[in-house]
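Report on one structure; see the data block that follows.
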Amino acid sequence: MARVYLLLFIINLVLAVAALIDCLSAEEDEIRALPRLFWVLIILLFSPIGPIAWFIAGRPQRTAARPGGAWRPGNGFPEATRPRPLAPDDDPAFLANLNQVRKDDEELLRRWEEDLRRREEELRNKDEDDRKS
């Protein structure tokens with residue numbers, strides 16, 4: 001007889017945990033009949049009637065528009081209005097910034113080349129002075 005009670009207790013516990021997880025993971029605006037807080041209290045306080053009531057009267061209805069359940073492709077946005085990130089080569093601000101970076105790099109390279117030429121000239125002059133001495 002103790003095994004039957006243990007089995008009923010485990011079934012009751014699994015049912016309550018499943019109902020509680022389902023209630024807490026459901027979208028708030030899709031829960032039927034009562035607010036989520038009341039459903040949680042009913043599930044926890046009136047076991048096993050509470051979880052059964054959740055599955056019958058409170059659980060969001062699954063419609064044919066969403067055959068896979070709660071998952072919505074595109075995060076609920078219609079295809080035409082779904083926000084999409086711009087690729088860098090399509091973003092005018094990025095392209096303008098890229099042109100500025102390119103100009104800055106060219107200016108830096110020009111200054112380095114001038115500095116290199118100046119140093120090479122100084123070394124040549126120093127070598128010529130050393131040879132003459």
Side-chain angles (χ1 to χ4, degrees):
M1 192 66 174
R3 289 182 184 171
V4 173
Y5 287 134
L6 181 64
L7 181 64
L8 291 176
F9 174 76
I10 291 173
I11 291 172
N12 183 25
L13 184 65
V14 168
L15 185 64
V17 169
L20 191 61
I21 290 173
D22 190 42
C23 178
L24 293 175
S25 64
E27 295 287 334
E28 180 73 37
D29 59 334
E30 294 179 353
I31 296 176
R32 297 183 294 158
L34 296 171
R36 180 190 320 246
L37 179 64
F38 290 125
W39 278 116
V40 170
L41 292 175
I42 289 171
I43 291 169
L44 292 176
L45 296 177
F46 300 106
S47 188
I49 303 301
I52 294 171
W54 162 255
F55 286 119
I56 293 173
R59 188 174 193 202
Q61 289 182 337
R62 307 295 184 212
T63 61
R66 293 186 289 153
W71 180 77
R72 287 176 267 180
N75 199 21
F77 288 101
E79 180 70 29
T81 61
R82 188 174 305 159
R84 299 186 190 281
L86 281 177
D89 56 343
D90 291 338
D91 187 4
F94 177 79
L95 293 175
N97 186 35
L98 189 63
N99 287 334
Q100 181 60 39
V101 168
R102 188 174 297 139
K103 288 177 185 175
D104 292 344
D105 288 346
E106 288 173 359
E107 176 62 27
L108 184 62
L109 180 62
R110 185 188 60 75
R111 282 188 278 147
W112 284 348
E113 287 175 343
E114 286 176 3
D115 187 48
L116 181 62
R117 284 188 200 106
R118 182 185 53 79
R119 289 180 184 197
E120 287 175 344
E121 188 64 35
E122 288 176 0
L123 284 175
R124 280 191 206 114
N125 290 340
K126 186 177 179 184
D127 286 343
E128 289 177 4
D129 290 343
D130 287 342
R131 287 184 202 165
K132 290 181 183 179
S133 309

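Fair warning: this is a prediction, and the values are worked out from it, not measured in the lab. Atom set for the values below is all heavy atoms of this structure, side chains included, hydrogens, waters and symmetry mates excluded. The chain is numbered in sequence order, starting from 1.
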Just by modelled atom types, is the Arg59 backbone N or O under 3.5 Å from a matching donor or acceptor in the Arg32 side chain? yes
Working to the nearest 0.5 angstrom, can you tell me the gap between Asp104 CG and Asn97 CG? 9.0 Å
Closest contact, heavy atoms only, Ala33 versus Ala57: CB-O, 4.0 Å
So among Glu113, Glu107, Glu106, which one has a side-chain contact (heavy atoms from CB on, under 4.5 Å) with Leu109? Glu113
Which heavy atom of Cys23 sits nearest to which heavy atom of Val40, and what is that distance? SG-CG2, 3.9 Å
Heavy atoms of other groups near Arg118 CZ, more than 12 under 6.0 Å: yes
Quick check on Phe38: does its CZ atom have over 12 non-hydrogen neighbours (other residues, nucleotides or ligands) under 6.0 Å away? no
Group every Ile, Leu, Val, Met, Phe, Trp and Tyr by side-chain heavy-atom contacts under 4.5 Å, then state whether Leu45 and Leu24 land in the same group. yes
Determine whether Arg110 and Glu114 make a side-chain contact, defined as any pair of heavy atoms from C-beta on separated by less than 4.5 Å. yes
Side chain to side chain donor-acceptor pair (under 3.5 Å) pairs, two or more places apart, involving residues 34-46: Glu28-Arg36
Just how far is it from atom CG of Leu123 to atom CD of Glu121, taken to the nearest 0.5 Å? 9.5 Å
So, taking the atom named OH in Tyr5 and the one named CD1 in Ile10, what distance separates them when rounded to the nearest 0.5 Å? 15.5 Å
Are Leu20 and Val17 connected in the hydrophobic side-chain network, where two residues link if heavy atoms are under 4.5 Å apart? no
side-chain contact (heavy atoms from CB on, under 4.5 Å) partner of Pro48, chosen from Asn12, Leu13, Ile43: Asn12
From OG (Ser47) to CD1 (Ile42), nearest 0.5 Å: 12.5 Å
Quickly, which of Arg119, Arg117, Arg111 forms a side-chain contact (heavy atoms from CB on, under 4.5 Å) with Asp115? Name it, please. Arg119
Would a hydrophobic clustering, with Ile, Leu, Val, Met, Phe, Trp and Tyr connected at side-chain separations under 4.5 Å, put Leu34 with Phe46? yes
Do Ile31 and Trp54 have side-chain heavy atoms sitting under 4.5 Å apart? yes
